[in-house]
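Each chain gets a letter, A, B and so on, in the order its sequence line appears, and its residues count up from 1.
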Amino acid sequence: MYRKLVVIGDVGAGKSTLIRTLSEIETVDTDVTSSKNIGKPLTTVGIDYGRITLGEGDAIGLYGVPGQKRYSFIWDMVKEDIWACILLVKAEHLRAPDKLIDLINVFINDKEYCPLAIGVTHTDIKAINQVVIQKVLQEKGVNAPVFSVDARKKQSSLLLLHTLLSMHNANDFSKRENMA
Amino acid sequence: MKKEEINKLFEGLLNKYFDLKMVSLCTSDGFGILHQSRLDDEVELDRVSAITSSLVSLGNASSKQIIGGNLHSTIVETDNGNLLIKKLKLAEKELVLSIVTSKKMLLGEANYLITMCAKNIALM
Ligand SMILES: Nc1nc2c(ncn2[C@@H]2O[C@H](COP(=O)(O)OP(=O)(O)O)[C@@H](O)[C@H]2O)c(=O)[nH]1
Ligand SMILES: [Mg+2]
């Protein structure tokens, strides 16, 4: 089975880094020099693609998409048949939560089951109460587990992946229970 | 940036080559700078910029990871005409130039046209 995992989030949240950290292949990297001051030298203009093999014929494809609206043609390319979604938020800001919700909805709307896990990055630089982020999103109708992660670290990044696998397992289990 | 000069260059090209349908310049991270078009369906500069910057970055990834060597251009061929995209540098800034030509213009000619155009801009 091939599962599509999409990573979304603000510019600089760590999407490209997370995919590089998790991928077992050299990632397809479309970072270029940023012409505006966005707090980092590089920005992603295409797609980040990486891959994780789980077992024979069983793999997860990692797709990082730029969050800027003008790249919505990439959202359209990626949004079909998504298995799960990771939202990365930089600890310094939860800028424009409505935009994030819209972005989330592009990917997980209309899906029968598509779990979402939220990673708050850069918490080593700025401590932030994750519950606050969780609450803001909850008020907008998005219920998802929130973790503090460092996208540069493998163990930390894997936490998000394991959470999504568990959420799928739990969902499969309850589906079976209901049928019995 | 020499916007005026580039605009004039674009205008001159569109006047000279009837089969040139669009010329567009943006930054390598997809912000539009200049755009002239006589396509039937007018496209917005923002959209062209986002798409061409993505394609160039993927062309770059292909040249690095599959072919090896430096990227010259990224080409999209359709039955309605061709889109050619090229990276260039102006005043230390990475830019992306793209043109759309009708199917009447041969790919080689289109490639020559965008190469000349890129050279002219880089000299400004
Ligand atoms: N200090 C710190 N830096 C991080 C963390 N996660 C990512 N980064 C860095 O943040 C920068 C931006 O990350 P990037 O992956 O380009 O963000 P993107 O725009 O979401 O793709 C990179 O330099 C990363 O190394 C984190 O948890 N802590
Ligand atoms: Mg990125």
Checklist entry - Under 4.5 Å between side-chain heavy atoms, hopping through other hydrophobics if needed: is there a path connecting A/Val146 to A/Leu159? => result no
Checklist entry - Going hydrophobic residue to hydrophobic residue with side-chain gaps under 4.5 angstrom, can you get from A/Leu87 over to A/Val106? => result yes
Checklist entry - Which answer fits B/Leu55, side chain, backbone, both or neither, if we ask what part of it has an atom under 4.5 Å from a heavy atom of chain A? => result neither
Checklist entry - Which region of A/Val28, side chain (C-beta onward) or backbone (N, CA, C, O), has a non-hydrogen atom less than 4.5 Å from a non-hydrogen atom of chain B, or is it both or neither? => result both
Next on the checklist: With a 4.5 Å cut-off on side-chain heavy-atom distances among I, L, V, M, F, W and Y, is there a chain of contacts connecting B/Ile33 to B/Phe10?
Outcome noted: yes
Next on the checklist: Other residues, nucleotides and ligands only: do more than 12 of their heavy atoms fall within 6.0 Å of CZ on A/Phe73?
Outcome noted: yes
Item to check | ILVMFWY network linking A/Ile38 to A/Leu88, side-chain heavy atoms under 4.5 angstrom | outcome: no
Checklist entry - With a cut-off of 6.0 Å (strictly less than), are more than 12 heavy atoms of other residues, nucleotides or ligands near CG of B/Asn15? => result yes
Checklist entry - Shared ILVMFWY cluster between B/Leu14 and B/Leu34, side chains joined below 4.5 angstrom? => result yes
Item to check | Side chain / backbone / both / neither for A/Ile74 at chain B, heavy atoms under 4.5 Å | outcome: side chain
If you check both backbone and side chains, which donor-acceptor pairs between chain B and chain A fall under 3.5 Å?
{"unit_1": "B/Asp29", "atom_1": "O", "unit_2": "A/Arg70", "atom_2": "NH2", "d": "2.7"}
{"unit_1": "B/Asp29", "atom_1": "O", "unit_2": "A/Tyr71", "atom_2": "OH", "d": "3.2"}
{"unit_1": "B/Asp29", "atom_1": "OD1", "unit_2": "A/Ser35", "atom_2": "OG", "d": "3.0"}
{"unit_1": "B/Asp29", "atom_1": "OD2", "unit_2": "A/Ser35", "atom_2": "N", "d": "2.7"}
{"unit_1": "B/Asp29", "atom_1": "OD2", "unit_2": "A/Ser35", "atom_2": "OG", "d": "3.1"}
{"unit_1": "B/Gly30", "atom_1": "O", "unit_2": "A/Arg70", "atom_2": "NE", "d": "2.8"}
{"unit_1": "B/Ser53", "atom_1": "OG", "unit_2": "A/Tyr71", "atom_2": "OH", "d": "2.9"}
{"unit_1": "B/Ser54", "atom_1": "OG", "unit_2": "A/Val45", "atom_2": "O", "d": "2.3"}
{"unit_1": "B/Gln65", "atom_1": "NE2", "unit_2": "A/Thr27", "atom_2": "O", "d": "3.1"}

